[in-house]
Protein chains: 2
Amino acid sequence: MTTSTPRGTYHHGDLRRAMIAETIRLIEAEGLEKVTLREVARRLGVSSGAPFRHVPSRMALLTLVAEEAMERLQAEIAAALEGVSAPLERFRATGHGFLRWAIRNPAHFQVISARGLIDFEGSGLRRANDALRAMMADQLAEAAAQGMLGDAPEQVLITGRALAYGLARMHLDGQFPSWGLDPAAAEQVAIAAIDRYLALVTVRP
Amino acid sequence: MTTSTPRGTYHHGDLRRAMIAETIRLIEAEGLEKVTLREVARRLGVSSGAPFRHVPSRMALLTLVAEEAMERLQAEIAAALEGVSAPLERFRATGHGFLRWAIRNPAHFQVISARGLIDFEGSGLRRANDALRAMMADQLAEAAAQGMLGDAPEQVLITGRALAYGLARMHLDGQFPSWGLDPAAAEQVAIAAIDRYLALVTVRP
DNA sequence: CACTGATGTAACCGACGCTTACATCGAAGC
DNA sequence: GCTTCGATGTAAGCGTCGGTTACATCAGTG
């Protein structure tokens, strides 16, 4: 009765992948707090002990989801960077990729920022996160070296990151007042805010 | 055996207030996820059912903490606004007050932004939050009317709010890279970021 | 000094995270 | 083609949690 079970009943077939997908659906439908190993198992029509064959704990399941989230984030940023070469434009594209990802994958974003619920230090999450930050620092260092930055690179890095993160969370928490909760509109507003800030710190030749 | 019980044992005396204070201590020591009505009761040397005389649920307890947090935030902002009259300076002071509050009361900040764990709509929280936002919008409208704003007020409002919120959360999540976790240093960095951004959108006469 | 309302206790409920013993399957080796 | 075995699922159980309820103890009032 499951989605992807080829044969009869006993073995699910691909429970691990199914659990990750079902967790995302559960978060979108009921919220992060309702994620329970038992609940995920129940929704997949499987016994309450089955998940533990694939995942040792609730935290481990959410960490798997967070790793999927990080992969999608990296893919989104890579796509946004495609064909962009000017360093400050690359920084801007990175911000765009992050916001697209966060707004279009709210459940993933929610999980990856729930530091108390996932194992951020173990797993590649810390490393991937640091790599992203380092990439952005490099982009700004290059831009500064070319005299295109009207402010200190460290300043732009911290402000840009805080701005993007704040915008994403405000959307997630329904803090965009009149724009309602329409994701497409929120994406436009957020990206415009980033662009506007970067225009302020860009040196026009 | 409790801290503030005047007489023997049976009645605590001021359990409600004690629970709120103990919850804050528990969050600072063990994290928000470990907050449990039973655990709070245990730490106060009281039976597991006692808290329910004062609070109907875990969410209600955290909502009480959030209300205390909101009071402190309002007080901090009021203090920052004292004697400041220029509208754009008032906006800046509001941001400073928020950051001081968030960085010096990390547990309170954590609770108030845990929308899934508190009753944000009931209780005065939604109203107080909206009032704050309205005040900031007014500050910027006045500044714009005086020709002091180099950008659209709505733009500065959303960017300023996202920036402050993002900075506060980055500190809470330990995202300030080399500045370590020293709250005083983080406060300086965050406030400097706000000031720097506002300087960019201020029209110098 | 009995009564009463407020406050704390104790015992209980279903659900949860997690463990363990056992059942069932697919595939490999003979 | 049969057996064996590792991987995967089930069933039952442990301790704890959030929350409820019946009862015990207190402080103040008539």
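In what follows, chains carry the letters A, B, and so on, assigned in the order in which the sequence lines appear, proteins first and then strands, with residues in each chain numbered from 1. Quick note: numbers below take in every heavy atom, side chains included, and nothing from hydrogens, waters or symmetry partners.
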Nearest to the side chain of [X] - [options]?
X: V46(A); options: dG17(C), dT9(C), dT10(D); result: dT10(D)
X: A50(A); options: dT10(D), dG19(D), dG8(C); result: dT10(D)
X: L37(A); options: dG8(C), dC17(D), dC18(C); result: dC18(C)

Separation of [N] [atom2] from [X] [atom1] (nearest whole Å):
X: R38(A); N: dG9(D); atom1: CZ; atom2: C1'; value: 15 Å
X: L15(B); N: dT25(D); atom1: CG; atom2: C1'; value: 15 Å
X: E33(B); N: dG18(D); atom1: CD; atom2: P; value: 12 Å
X: L44(B); N: dT7(C); atom1: CG; atom2: P; value: 16 Å
X: M19(A); N: dG9(D); atom1: CE; atom2: C1'; value: 13 Å
X: E30(A); N: dA15(C); atom1: CD; atom2: P; value: 16 Å
X: K34(A); N: dG18(D); atom1: NZ; atom2: C1'; value: 12 Å
X: E39(A); N: dG17(C); atom1: CD; atom2: P; value: 10 Å

So, does [X] get its side chain near the phosphate of [N], meaning an N or O under 4.0 Å from OP1 or OP2?
X: R42(A); N: dC16(C); answer: yes
X: R53(B); N: dC23(D); answer: no
X: H54(A); N: dG9(D); answer: yes

For R58(B), which contact category applies under a 4.0 Å heavy-atom criterion: base, sugar-phosphate, or nothing? sugar-phosphate
Quick check: on DNA chain C, is the nucleotide nearest S48(B) upstream (toward 5') of the one nearest F52(A), or the reverse? Name the residue that is more 5'. S48(B)
Main chain of D119(B), side chain of T63(B): is a donor-acceptor contact present, judged purely on distance under 3.5 Å? yes
Please tell me whether S85(A) and E89(A) have a donor and an acceptor in their side chains that are separated by less than 3.5 angstrom. no
Any luck finding a side-chain donor-acceptor pair between T36(B) and R58(B) under 3.5 Å? no
Can you check whether L125(B) reaches N129(B) side chain to side chain, under 4.5 Å on heavy atoms? no
Could you check whether any side-chain heavy atom of R169(A) comes within less than 4.5 Å of a side-chain heavy atom of S113(A), counting everything from C-beta outward? yes
